[in-house]
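To start, the structure under review is shown below, and the notes come after it.
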Amino acid sequence: DAGVTQSPTHLIKTRGQQVTLRCSPKSGHDTVSWYQQALGQGPQFIFQYYEEEERQRGNFPDRFSGHQFPNYSSELNVNALLLGDSALYLCASSRSGEEFQPQHFGDGTRLSIL
Amino acid sequence: GDSVTQMEGPVTLSEEAFLTINCTYTATGYPSLFWYVQYPGEGLQLLLKATKADDKGSNKGFEATYRKETTSFHLEKGSVQVSDSAVYFCALLYNFNKFYFGSGTKLNVKP
């Protein structure tokens, strides 16, 4: 049973570029959440997708957008990259109707902005 | 708003020492509380959880009790091992599966 998988594992971009990160949820999960983890910090909630729609959003600018596909996989897009966007981006999945149950995390994509 | 505060690290202990990592939270309702662990180069792994007041979560020798009166969820282990070296995150789950994480506490265990 595959857990949450993310790709790529590492990515290097320059300021102003755009990036797309991908996530496949754990089998049986239909909800995907994205988090940004800056070095030495805890993960910060970006947004959550359910039924192909953004269900809720954290305190991140519109440069951060996402998408969920019919197979529940998800993408995180970041436009006009800034140096401060350098971080580990974590995807987590869960099953709807099981609120208050833990999310399952992938190993993340390490994004470096030069 | 909802938030989690953890004790700052790093915490350095000798093998077999007793561990406490403090965590307090602020929440407008009745959240579930979790401890996650992150090993170098990896994502977060669930360590333990508690979903209501006075619940005790436990796993792999780690324990934490949900204290509503002190809004705390301190992590404890009676005898740490070198393999426990990692970063530990306290988290609050509230409002439709949205996690609030603390800033993490790095634990170093020396042989």
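Just so it is clear: chains get the letters A, B, ... in the order the sequence lines come, proteins before strands, and each one is counted from 1.
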Q) Any chance CD of B:E8 has more than 12 other-residue heavy atoms, nucleotides or ligands included, within less than 6.0 Å? A) no

(Q) So which atom in A:Q37 and which in B:F89 form the shortest heavy-atom distance, rounded to 0.1 Å? (A) NE2-CZ, 3.2 Å

Q) What are the residues of residues 66-76 of chain B, in order of number, with any heavy atom under 4.5 angstrom from a heavy atom of chain A? A) none

Q) Counting heavy atoms not belonging to A:L83, are there more than 12 under 6.0 Å from its CG? A) yes

Q: Answer yes if A:L21 and A:I46 sit in the same cluster of Ile, Leu, Val, Met, Phe, Trp and Tyr residues linked by side chain heavy atoms under 4.5 Å apart, and no otherwise.
A: yes

Q) Heavy-atom distance under 4.5 Å to chain A: side chain of B:Q6, backbone, both or neither? A) neither

Q) Take atom CZ in A:R15; do more than 12 heavy atoms of anything else shown fall under 6.0 Å from it? A) no

Q. Can you name the residues that form a side-chain contact (heavy atoms from CB on, under 4.5 Å) with A:N71, not counting sequence neighbours?
A. A:F69, A:S73

Q: Would you mind checking which part of A:Q6 comes under 4.5 Å of any heavy atom in chain B, side chain (CB onward), backbone (N, CA, C, O), both or neither?
A: neither

Q. Within a strict 4.5 Å, meaning less than it, do heavy atoms of the A:P43 and B:Y36 side chains meet?
A. no

Q: Write out, in numerical order, the residues from residues 102-111 of chain B with a heavy atom short of 4.5 Å from a heavy atom in chain A.
A: B:G102, B:S103

**Q.** Gap separating the CD atom of A:Q103 from the CG atom of B:L44, nearest 0.5 angstrom
**A.** 10.5 Å

Q: Give, for atom CG of A:L90 and atom CZ of B:F99, the distance between the pair rounded to the nearest 0.5 Å.
A: 12.0 Å

Q | Per-residue contacts, residues 104-114 of chain A versus chain B, heavy atoms under 4.5 Å | A | A:F105, A:G106, A:D107

